[in-house]
Amino acid sequence: MVGAGLAGQRAALEAIRSGLDVGILSKLHPLRSHSGAAQGGINAALGPQDSVKDHVYDTVKGSDYLADQDAVEILCREAGPTVIEMEHFGTIFNRAPDGSLDRRAFGGASYSRTIFAADRTGLALLQALYEEISRETRVRIYEEWDAIRLVSRGGRVHGVVALDRKTGTVEGFAAKSVVVATGPAGRIYARTTNSHASTGDGGALAYRAGAYLKDMEFVQFHPTALPGSGILITEGARGEGGILRNKNGERFMERYAPHVKDLASRDVVSRAIATEVAEGRGFPDGTCHLELMHLGREKVETKLQEIVGFCRNFAGIDPVTEPIPVYPAQHYMMGGIHTNPRGETNLAGLYAAGEAACVSVHGANRLGANSLLETLVYGKIAGANAAEFARKTTAGELTPEDVSTAEKELHALWERREGEPPARLRNDLQSTMEADVGIYRTPEQLEAARRKLGEIRTRYASCYVEDKSTVYNVNLTDAIELGHMLDLAEVIVAGALARTESRGAHVRRDFPRRDDANWMKHTMALWSPQGPVLSYLPVTVTEYAPKERVY
Amino acid sequence: MPTIPFEVFRGSPGQTRFDTFSLDIPEHTPILTALLKIRDEIDPTLTLRYSCRQAICGSCAMRINGKSRLACLTPVGPEFRARGKLRIEPMANQPVLRDLVVDQGPFWQRYHSIRPYLVPDPQHPLPVGKESPMTPEQVAQFQETPRCIACASCYSACPAIASDGDFLGPMALAKLFRFVVDPRDGAFHERLLGVQNQSLWLCLRCNLCVESCPKDVRPAERIHDLKWMANQELGALERGSRHAIKFASNIREGGLLNEMKLARETLGLVGMLGQIPKGIELARHGKSIRKHPPIQGREELDAIYRELDRPEDLQHRPRVPGQGVKGPTQQPSKAGGAA
């Protein structure tokens with residue numbers, strides 16, 4: 001397993017319990033994974049009126065009909081059992097007065113179907129899953145190891161080469177099968193809700209090894225992040241009754257989504273806020289306001305504990321008595337390593353799950369509280385199928401040359417004596433993506449982004465790592481991560497330039513409508529020395545033909 | 001914008017120094033942001049652990065002007081104004097690897113030693129296909145501990161860890177509490193037994209863990225709760241619990257500590273033999289241990305104890321475990337609450 005967040009750990013647990021020995025590589029301690037930052041909740045149709053069918057429909061509609069409906073059906077069918085299993089593993093969820101699992105409303109959902117643990121649901125799940133892994137003996141966790149190469153030959157994956165942060169040594173890990181679950185890549189953007197470690201390593205490694213990346217142009221911007229730091233204010237805040245207002249005090253979501261208002265799906269709300277600000281109805285600091293004051297101190301302080309802390313600590317605002325200034329920030333990559341609903345990629349023995357993967361259950365826009373669900377449902381599926389593959393196959397043929405080649409390249413970077421620091425290149429990458437590949441896109445901006453990324457790519461060839469220490473060298477890992485982010489950014493821009501329509505989170509000013517006749521298909525990208533090579537894959541439709549999306 | 005000097009611990013064991021970096025930054029800047037600015041703009045060789053920058057991943061704990069804190073959650077202003085500078089050091093009680101990065105092995109070892117997972121209860125299997133039942137009272141036991149992000153600030157701040165390698169430390173004990181009060185867990189008795197003998201009584205009750213915890217888990221209070229529950233569940237099994245229980249009853253009796261009696265009750269007659277050298281030492285310094293005369297204002301003492309014994313107070317203050325699933329709640333022992 002590469003990655004030890006919810007998807008990686010769930011995959012590992014499944015493989016261990018099928019009787020295999022599992023190694024988990026992670027550049028962070030598992031409990032420090034970005035899964036733990038997920039706030040709002042996990043969807044499961046457990047309410048009395050709710051049904052799996054409704055959950056499927058909401059998810060497909062939310063995806064702007066780009067999700068594969070067979071994959072969504074699995075996601076929603078497995079949701080209830082997954083939540084119950086996590087409860088049995090020890091997750092401490094909020095409870096209703098009768099002791100049953102409490103539920104809250106979330107954007108784009110027809111019923112209250114979001115199970116939650118205050119506003120730290122990801123942390124609660126991560127703790128419980130890590131506890132469950134902790135009782136196992138057939139697993140070894142390589143904490144603070146950076147995967148630097150995924151080795152493939154003859155259409156098959158053979159293992160991973162990784163760097164031990166604590167000692168600077170490079171080692172090979174031969175494997176019969178590999179599951180990539182490295183999570184988000186939000187640090188490609190300047191303003192993101194994602195952690196600093198969210199650099200898309202697994203996606204880039206798989207891409208370089210010959211796996212397809214899918215639908216990378218679909219980048220979700222969360223409507224409510226704190227300006228500046230980009231720290232997320234959970235959608236649960238609106239689920240609990242929070243209201244967005246512009247500088248005129250107008251509840252502007254009534255215009256954009258007359259039925260569900262503030263609880264429209266994320267792409268809709270993000271565009272609404274960006275439009276309000278662009279048309280001069282934002283506050284002077286370029287934000288809109290999220291108001292929680294009317295909910296009362298008790299509700300805010302008990303159900304939204306974490307964000308009360310965030311606002312007080314990071315913005316100097318008390319949400320009990322003052323509005324929270326918010327603006328959209330990059331939040332989630334709908335795209336990722338292409339897999340089928342079995343978690344398989346196009347390379348034999350290579351599996352992917354969670355945010356690093358694209359099954360696709362989120363299509364062009366993910367609904368809130370579906371991503372925690374995806375990590376667990378598809379983590380388990382990928383783990384089970386990776387284990388089955390491992391049982392039937394011979395050992396991966398990882399050669400000493402595979403390891404030494406990767407090591408030599410790393411050392412060439414490390415030993416270079418001059419050049420540009422990774423921080424400067426990273427800042428240029430982030431500001432390019434922020435300025436030109438954001439919520440609204442134009443062909444001119446996308447072309448400019450492509451040109452600038454090309455320049456950064458050239459400069460990256462002389463990237464200079466000043467720190468020569470072998471012990472916990474984050475200057476070196478910065479440079480490695482930058483290479484990964486650059487790969488993914490190029491694919492995002494290529495996909496966005498090619499897709500001449502607006503769907504979900506991908507909005508082209510020059511093509512403002514969805515174009516089902518031409519674009520009801522997934523973008524597939526393969527690595528080549530000249531840059532990404534695009535092809536397309538049809539969307540799987542089972543029950544729901546595309547309709548106009550109204551909230 | 002003030003110019004703020006950062007004195008940052010650098011290097012690996014055997015070769016350490018402090019580097020000073022000056023930054024012009026607003027006072028509300030989080031210290032992590034400042035350190036990353038130093039990395040990006042002045043010295044990229046500075047190394048530290050960090051990830052989420054929003055106090056949820058627990059990576060960036062360090063000592064800031066001597067206090068164990070999350071760097072992402074601590075603004076530069078107040079500490080700068082109080083001390084005129086910011087002295088940034090790696091966490092204490094853990095070996096330094098380099099700069100601000102420590103080896104967290106011993107910390108995680110302690111975490112794993114408490115069996116940090118639910119132990120099935122064969123008498124009360126979890127319901128098939130649905131959530132385990134939980135009463136509001138049981139849910140209320142989970143007020144603080146689920147907030148723990150394992151940042152090790154408490155571990156770094158804890159003087160008992162520094163002085164006694166056997167001490168599990170605040171985080172592991174708070175984690176233990178989380179399982180002890182869980183109605184789904186079947187190892188209530190064994191868990192308390194496991195720490196009764198050792199770790200519980202090594203806590204110095206200095207409250208530094210409470211003060212340093214960024215998530216308000218209040219580990220010292222959880223340790224206190226565990227002591228109370230251990231005494232209730234196991235009685236006076238060994239020295240620590242006996243001492244706590246007898247201390248309270250001793251004072252209840254005479255209003256002043258009868259040290260001779262307390263020593264006898266805690267250690268037993270044989271155990272007291274070992275204390276003879278200490279007794280001689282005390283006597284040589286003119287500190288004889290003798291029975292105190294009855295105190296004045298006895299009624300006030302009785303009133304204090306009456307207050308402590310009030311059933312609603314006992315119910316409210318020390319935590320009762322998830323006995324709703326397992327059987328009737330035991331009557332709290334009289335002395336337990338005051339221990």
Side-chain angles (χ1 to χ4, degrees), chain A residues 28-29 31-34 36-37 80-81 83-84 87-90 92-95 97 99-101 117-118 120 122-124 127 130-132 134-135 143 166 194-198 229 231-232 305-306 309-310 313-314 316 421-424 426-427 465-469 471-475 478, chain B residues 12 28 30 33 36 39-41 43-59 72-75 97-99 101 103-104 108 111-112 115-119 126-127 129-136 138-139 142 145-150 178-179 182 184-185 214-216:
Chain A
L28 305 171
H29 184 280
L31 284 176
R32 316 228 181 276
S33 304
H34 193 56
V83 167
I84 298 299
E87 195 280 324
H88 288 187
F89 285 173
I92 299 165
F93 287 116
N94 276 43
R95 301 280 184 142
S100 64
L101 299 177
R120 47 168 181 275
L123 182 69
Q127 287 173 343
Y130 184 64
E131 287 156 12
E132 199 63 17
S134 294
R135 71 168 87 230
E143 289 156 18
K166 292 198 190 77
N194 291 179
S195 67
H196 285 278
S198 303
S229 64
I231 286 171
L232 172 67
Q305 275 174 16
E306 291 293 329
F310 292 159
N313 281 302
F314 300 116
R424 194 189 307 159
R426 186 194 63 220
N427 289 345
V465 176
E466 188 174 329
D467 193 349
K468 303 300 178 195
S469 170
V471 182
Y472 220 91
N473 188 334
V474 286
N475 192 208
D478 272 354
Chain B
S12 298
H28 67 260
T33 307
L36 296 183
R39 281 197 60 214
D40 282 359
E41 295 171 16
D43 186 351
T45 70
L46 172 65
T47 189
L48 65 154
R49 279 197 183 92
Y50 62 98
S51 182
C52 76
R53 59 76 174 91
Q54 57 185 51
I56 201 75
C57 79
S59 299
C72 68
L73 199 58
T74 311
L97 289 175
R98 181 163 74 102
D99 294 355
V101 179
D103 175 7
Q104 298 209 278
W108 290 116
Y111 165 89
H112 286 290
R115 287 205 288 172
Y117 45 82
L118 288 181
V119 173
L126 300 178
K130 56 191 290 232
E131 68 265 40
S132 325
M134 245 183 236
T135 64
Q138 289 167 336
V139 173
F142 295 127
T145 47
R147 296 201 285 250
C148 175
I149 54 171
R178 172 251 170 279
F179 288 102
D182 196 317
R184 298 166 290 191
D185 190 69
K215 306 305 272 190
D216 203 22

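Chain identifiers are assigned alphabetically (A, B, ...) following the order of the sequence lines, protein sequences preceding nucleic acid strands; residue numbering begins at 1 within each chain.
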| message | Is A:N313 in contact with chain B via its backbone, its side chain, both, or neither, using a 4.5 Å heavy-atom distance? | response | side chain
| So do A:R120 and B:I149 actually touch side chain to side chain, heavy atoms under 4.5 Å? | no
| request: Answer yes or no: is there a side-chain heavy-atom contact under 4.5 Å between B:P44 and A:E466? | output: yes
| message | Quick check: do B:R184 and A:I92 have side-chain heavy atoms less than 4.5 Å from each other? | response | yes
| request: Look at the aromatic rings of A:Y130 and B:W108 and report parallel, tilted or perpendicular, splitting at 30° and 60°. | output: perpendicular
| field | Rounded distance [0.5 Å steps], CG in B:L126 versus CZ in A:F89 | value | 11.0 Å
| Is chain B contacted by the side chain of A:A124, its backbone, both, or neither, given a heavy-atom distance below 4.5 Å? | neither
| message | I'd like to verify something: which residue of A:Q127, A:R32, A:H29 has the highest number of heavy-atom pairs under 4.5 Å with chain B? | response | A:R32
| query | If you tally heavy-atom pairs under 4.5 Å against chain A, which of B:P146, B:C52, B:A150 wins? | reply | B:P146
| Do the rings of B:Y50 and A:H196 sit parallel, tilted or perpendicular, given the 30° and 60° boundaries? | perpendicular
| Interchain contact, A:N473 with chain B, by part (heavy-atom threshold 4.5 Å) | both
| said: Which atoms of A:R135 are under 4.5 Å from chain B, going by heavy atoms: the side chain, the backbone, both sets, or neither? | reply: both
| field | Atom of B:V139, atom of A:R95 and distance for their closest heavy-atom approach | value | CG2-CG, 3.6 Å
| request: Below 4.5 Å from any heavy atom of chain A, which atoms of B:H112 appear? Answer side chain, backbone, both or neither. | output: side chain
| said: So, taking the atom named CD1 in B:I56 and the one named CG in A:L31, what distance separates them when rounded to the nearest 0.5 Å? | reply: 11.5 Å
| query | Would you say the side-chain atoms of A:S134 pair up with the backbone N or O of B:P116, donor to acceptor, closer than 3.5 Å? | reply | no
| Any idea which of B:G129, B:P136, B:G58, B:P127 has the most non-hydrogen atom pairs under 4.5 angstrom with chain A? | B:G58
| request: For side-chain contact (heavy atoms from CB on, under 4.5 Å), just list the numbers for B:K215 and A:L123, CA-CA rounded to whole Å, side-chain angles, deciding distance to a tenth of an Å, and then say yes or no. | output: CA-CA 13 Å; B:K215 306 305 272 190; A:L123 182 69; over 6 Å; no
| field | Contacting region of B:E41 [heavy-atom separation from chain A under 4.5 Å] | value | neither
| query | Among A:N94, A:N427, A:I231, which has the most heavy-atom pairs under 4.5 Å with chain B? | reply | A:I231
| query | chain B heavy atoms under 4.5 Å from A:H34: which part of the residue, side chain, backbone, both or neither? | reply | neither
| query | In Å and rounded to the nearest 0.5 Å, what is the CG to CZ distance from B:D40 to A:R426? | reply | 4.5 Å
| query | So how far is it from B:R53 CZ to A:F314 CZ, rounded to the nearest 0.5 Å? | reply | 8.5 Å
| message | Let's test your reading of the structure: which of B:R178, B:M134, B:E131 forms the most heavy-atom pairs below 4.5 Å with chain A? | response | B:E131
| field | Interchain contact, A:P81 with chain B, by part (heavy-atom threshold 4.5 Å) | value | neither
| query | Taking side chain as C-beta onward, heavy atoms only, is A:E87 less than 4.5 Å from B:S132? | reply | yes
| Are any of the side-chain heavy atoms of B:D216 and A:Q305 separated by less than 4.5 Å? | no
| field | Atom pair CZ/CD of B:R115 and A:E131 - distance to nearest 0.5 Å | value | 13.5 Å
| Which answer fits A:L28, side chain, backbone, both or neither, if we ask what part of it has an atom under 4.5 Å from a heavy atom of chain B? | side chain
| task | Examine whether an atom of A:S198 lies under 4.5 Å from a heavy atom of chain B, and if so say whether it belongs to the side chain, the backbone or both; otherwise answer neither. | result | neither
| Given that the side chain runs from C-beta out, which part of A:K468 has a heavy atom under 4.5 Å from chain B: side chain, backbone, both or neither? | neither
| said: Distance check, rounded to the nearest 0.5 Å: A:Y472 atom OH versus B:T47 atom OG1? | reply: 6.5 Å
| Looking at A:S469, A:P421, A:P97, which makes the most heavy-atom pairs under 4.5 Å with chain B? | A:S469
| task | Specify the closest pair of heavy atoms between A:L232 and B:Q54, including all atoms of both residues, with the distance to one decimal. | result | N-OE1, 4.2 Å
